[in-house]
Amino acid sequence: MKIGVLASGGNSPAMNNAVITLVKAATLNKFTVALIHDGFQGLLENKIYEPDIRYLEEFSTRGNVVIGTSRSKDFYKVEYKKKAIKILKQNKIDVLVVIGGDGSYRGAAGLAELGVKVMALPGTIDNDISSTDSTIGFYSCLHTIVESIDHLRDSFDSHSGICFVEVMGRGFSDLAVQSGVASIAEAIVTKENILNTADFVAIANETKKNHKRSCIFVITEKIYGLNGLPTLDQIAKEVEEITNRVCRVNIIGHAQRGGVPAAIDRYWAAMMANHCIKCVKEKRFNRAIGEKYRKLVDVDIFKAIKMPQKHNRVSLAKEFQEINRI
């Protein structure tokens with residue numbers, strides 16, 4: 001049996017560790033592996049190569065994706081899925097393993113609908129895949145955010161300033177909530193807990209009365225500057241004028257996606273990849289691999305993509321806003 005492996009969507013730390021274990025576990029079980037470079041787009045372009053295990057191992061501590069990744073708008077169209085199937089058959093690939101987030105799962109499911117045997121591993125920093133409690137790369141990203149906020153705290157403590165820190169996560173706020181709790185942020189903004197200028201001013205003034213030098217607001221991306229809301233820069237300018245304190249916006253950006261993968265992400269990447277190969281060996285295809293309550297699970301991929309979205313932990317955000325103002 002020949003297994004194709006690709007990564008899709010945004011990169012997340014420890015994707016490499018998943019690829020390494022997939023290749024090794026497959027080899028141990030006498031399967032052949034083909035690495036598809038640059039995601040679904042690379043599949044359409046027939047970028048398919050044999051793995052070099054020793055070379056792959058050199059990237060076990062890197063937050064990149066050694067086989068590359070991409071987003072492919074073409075892949076939403078049936079004619080391109082059919083083209084991909086033709087290329088898979090030409091390369092004698094029997095099973096396609098996709099590492100990625102929600103969009104990648106849907107791409108894999110689209111191929112499964114047309115008869116391709118697929119497997120999916122949850123590789124995304126957003127932690128927004130409902131079929132698993134944690135995703136590969138989430139904790140590494142979380143650590144990077146908290147470390148960045150710690151550095152910002154040093155600077156803004158020095159100037160008795162206010163800092164708006166925007167973090168990734170798209171519509172899901174686990175990164176904002178958990179980093180806000182971990183870094184003692186004075187406010188944690190999710191799409192269900194949107195604050196306005198007056199709210200930020202009130203929190204900044206209250207924390208100053210409590211003798212806190214700095215004030216850190218952690219903000220989920222894609223909230224401000226949309227749907228009639230002012231941008232963070234506009235809010236920061238108003239807050240600075242009202243409070244007469246240094247006020248800045250810091251967007252951590254794509255630095256969150258890189259860096260040395262955390263041990264827990266490497267562990268789950270390896271465990272999920274190994275479980276994936278076990279499922280293939282047992283001829284249990286079209287499965288989305290994950291972990292629930294610290295135990296490995298696999299769910300039918302069609303069921304996985306139809307699961308309700310995870311709920312943002314807005315109550316936790318609000319609770320720690322109160323705690324962290326003191």
Practice task
Taking the six-membered ring for Trp and the full ring for Phe, Tyr or His, determine whether the centres of F164 and Y224 are under 6.0 Å apart.
Solution key: no

Completion exercise
Here the gap from H311 atom NE2 to S173 atom OG, rounded to the nearest 0.5 Å, amounts to 13.5 Å

Handout entry: side chain to side chain contact (heavy atoms under 4.5 Å, CB included) between S12 and T135, worked out
Key = CA-CA 9 Å; S12 59; T135 57; over 6 Å; no

Problem - Side-chain touch M119/V5, heavy atoms, less than 4.5 angstrom - result: no

Practice task
Kindly assign one of parallel, tilted or perpendicular to the pair F40 and F75, based on the angle between their ring planes and the thresholds 30° and 60°.
Solution key: parallel

Practice task
Answer yes if the side chains of Q90 and N46 hold a donor-acceptor pair under 3.5 Å, and no otherwise.
Solution key: no

Handout entry: Salt bridge present between D102 and R106 (N-O < 4.0 angstrom)
Key = yes

Practice task
May I ask you to say whether E79 pairs ionically with K77, meaning some side-chain N is under 4.0 Å from a carboxylate O?
Solution key: no

Practice task
Check whether any side-chain heavy atom of T32 lies under 4.5 Å from a side-chain heavy atom of K92, and answer yes or no.
Solution key: no

Problem - Y80 ring center within less than 6.0 Å of Y76 ring center - result: no

Handout entry: Polar side-chain atom of K212 near backbone of N324 as donor-acceptor pair, under 3.5 Å
Key = yes

Practice task
State, without any angle test, whether N274 and T21 hold a side-chain donor-acceptor pair at a distance under 3.5 Å.
Solution key: no

Problem - Contact check, side chains of F172 and N312, non-hydrogen atoms, under 4.5 Å - result: yes

Practice task
With the side chain counted from C-beta on, respond yes when P51 and L56 share a heavy-atom pair under 4.5 Å apart, and no when they do not.
Solution key: yes

Handout entry: N11 and N64: side chain donor to acceptor below 3.5 Å
Key = no

Practice task
Tell me, please, which residues at least two apart from T197 pass side chain to side chain donor-acceptor pair (under 3.5 Å).
Solution key: E238

Exercise for the section: Give a yes or no on whether a salt bridge exists between E186 and R153, defined as a side-chain N under 4.0 angstrom from a carboxylate O. Expected result: yes

Practice task
Enter the distance from E57:CD to D52:CG here, rounded to the nearest 0.5 Å.
Solution key: 9.5 Å

Practice task
For the pair D133 and K292, find out whether any cationic side-chain nitrogen is under 4.0 Å from an anionic carboxylate oxygen.
Solution key: yes

